[in-house]
Colleague: 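Take a look at this one; I'll ask things after.
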Amino acid sequence: MAPEHLADQVSRLDPVTLLDADLLAVALPGGASPFGTAELLTLGAAGHALNPRTDARAARPADVSSLRDHLAAEEWAESGLCDAERVWVSGPSGEALAAAGFSRWSSDVAHFCVASASASRRRGHATAAASRAVSAALEEGLVPQWRSRRGNDASFRLALSLGFSPAGIQATALVSS
């Protein structure tokens with residue numbers, strides 16, 4: 001999707017440029033800046049691979065705030081959790097060591113977000129929270145969608161473990177009006 005005044009120029013760009021935010025920004029006139037390139041994933045035909053884990057629970061505001069304190073600002077921003085409508089957390093003894101949630105896009109797409117405290121990664125907490133979030137979205141009849149910044153292998157692997165399948169690539173460049 002491109003602004004109307006750039007649509008013709010964008011339509012003439014080669015596929016390699018269209019799939020890389022850095023190249024796209026250089027190709028656009030007027031000082032565009034790259035926002036990022038992401039892998040897009042949708043829930044595969046096999047459906048949700050994991051059952052909702054009982055150790056994930058609905059998040060309280062204090063849970064989300066506590067987790068945010070354990071993350072670098074860039075990681076928190078990338079997670080997208082600040083915009084999530086519904087969030088679940090997981091961790092031992094009621095701690096919030098990972099969180100996952102979703103926001104409703106359009107009327108029927110659930111866009112997922114996830115974050116895990118760096119000292120607690122690879123312990124299943126993000127999987128538990130994300131599995132619960134996916135289950136809730138499916139219960140609401142939403143179409144699950146996952147975007148993973150290119151290079152964020154942990155996010156990509158988590159999506160695959162939940163039954164998501166690669167569906168495409170999204171490159172975004174910000175243009176001035």
Side-chain angles (χ1 to χ4, degrees), residues 1-44 59 61 63-89 96 98-122 126 129-130 133-134 137 142-162 164-177:
M1 178 178 232
E4 190 173 317
H5 70 282
L6 295 175
D8 186 52
Q9 289 173 293
V10 169
S11 71
R12 288 187 254 138
L13 294 174
D14 65 280
V16 171
T17 301
L18 289 171
L19 298 176
D20 184 297
D22 293 323
L23 295 175
L24 180 60
V26 170
L28 294 174
S33 58
F35 184 74
T37 303
E39 305 282 346
L40 299 175
L41 299 100
T42 57
L43 200 58
D63 295 325
V64 176
S65 178
S66 173
L67 179 60
R68 185 178 53 236
D69 292 344
H70 287 89
L71 296 171
E74 300 80 32
E75 286 181 309
W76 179 253
E78 183 179 335
S79 78
L81 279 166
C82 60
D83 297 323
E85 296 167 21
R86 298 186 59 200
V87 177
W88 291 264
V89 295
F102 65 85
S103 294
R104 188 182 297 250
W105 286 8
S106 301
S107 60
D108 57 356
V109 173
H111 173 70
F112 291 90
C113 44
V114 64
S116 181
S118 46
S120 303
R121 293 183 179 153
R122 296 187 172 266
V134 171
L142 300 174
V143 176
Q145 171 196 275
W146 193 287
R147 285 188 316 177
S148 178
R149 177 186 47 79
R150 188 172 275 165
N152 187 341
D153 296 335
S155 174
F156 190 78
R157 283 191 313 269
L158 177 56
L160 293 176
S161 77
L162 294 169
F164 284 81
S165 299
I169 297 171
Q170 176 185 7
T172 304
L174 305 175
V175 296
S176 350
S177 357

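None of these values were measured; they are calculated from a predicted model.
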Colleague: For residues A129 and A98, report the shortest heavy-atom separation together with the two atoms involved.
Modeller: CB-O, 4.3 Å
Colleague: Decide yes or no for L158 and F164: does some side-chain heavy atom of the first lie under 4.5 Å from some side-chain heavy atom of the second?
Modeller: no
Colleague: Can you name the salt bridge (charged side-chain N to carboxylate O under 4.0 Å, His left out) partners of R157, sequence neighbours left out?
Modeller: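 If we apply the salt bridge (charged side-chain N to carboxylate O under 4.0 Å, His left out) test to R157, skipping adjacent residues, there are no hits.
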Colleague: Would you check if F156 and N152 make a side-chain contact, meaning some heavy-atom pair closer than 4.5 Å?
Modeller: no
Colleague: Is E39 reaching over with its side chain to a backbone N or O of P166, donor-acceptor style, under 3.5 angstrom?
Modeller: no
Colleague: Under the side chain to side chain contact (heavy atoms under 4.5 Å, CB included) test, which residues partner S66, sequence neighbours left out?
Modeller: H70
Colleague: Check the pair V143 / T42 against side-chain contact (heavy atoms from CB on, under 4.5 Å), numbers first and verdict last.
Modeller: CA-CA 8 Å; V143 176; T42 57; 5.6 Å; no
Colleague: Please list, chain by chain and in numerical order, all residues satisfying side chain to side chain contact (heavy atoms under 4.5 Å, CB included) with A110, sequence neighbours excluded.
Modeller: F102, F112, A137, L142
Colleague: Between W146 and L162, which heavy-atom pair has the shortest distance, and what is it?
Modeller: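 W146 and L162 have their closest heavy atoms at CZ3-CD1, 3.8 Å.
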Colleague: Would you compute the distance between atom OG of S165 and atom CG of L160 and round it to the nearest 0.5 angstrom?
Modeller: 7.5 Å
Colleague: Using salt bridge (charged side-chain N to carboxylate O under 4.0 Å, His left out) as the criterion, list what pairs up with D8, not counting sequence neighbours.
Modeller: R12
Colleague: Any side-chain hydrogen bond (donor to acceptor under 3.5 Å, both in side chains) pairs touching residues 17-35, not counting sequence neighbours?
Modeller: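 Only D14-T17 qualify under side-chain hydrogen bond (donor to acceptor under 3.5 Å, both in side chains).
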Colleague: Which heavy atom of A21 sits nearest a heavy atom of T37, and at what distance?
Modeller: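 Smallest heavy-atom distance, with atoms named: N-OG1, 2.8 Å.
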Colleague: Kindly give the heavy-atom pair with the smallest separation between A126 and S116, and that separation in Å.
Modeller: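 Here A126 and S116 meet closest at CB-CB, 4.3 Å.
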Colleague: Report the distance from atom CG of L23 to atom CG of L13, rounding to the nearest 0.5 Å.
Modeller: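 Those atoms lie 10.0 Å apart.
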Colleague: Who pairs with Q145 by side chain to side chain contact (heavy atoms under 4.5 Å, CB included), at least two apart in sequence or on another chain?
Modeller: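 Counting only residues at least two positions away or on another chain, Q145 forms a side chain to side chain contact (heavy atoms under 4.5 Å, CB included) with W105, V109, H111, R147.
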Colleague: List the atom of R150, the atom of L19, and the distance in Å for their closest heavy-atom pair.
Modeller: NH1-O, 3.6 Å
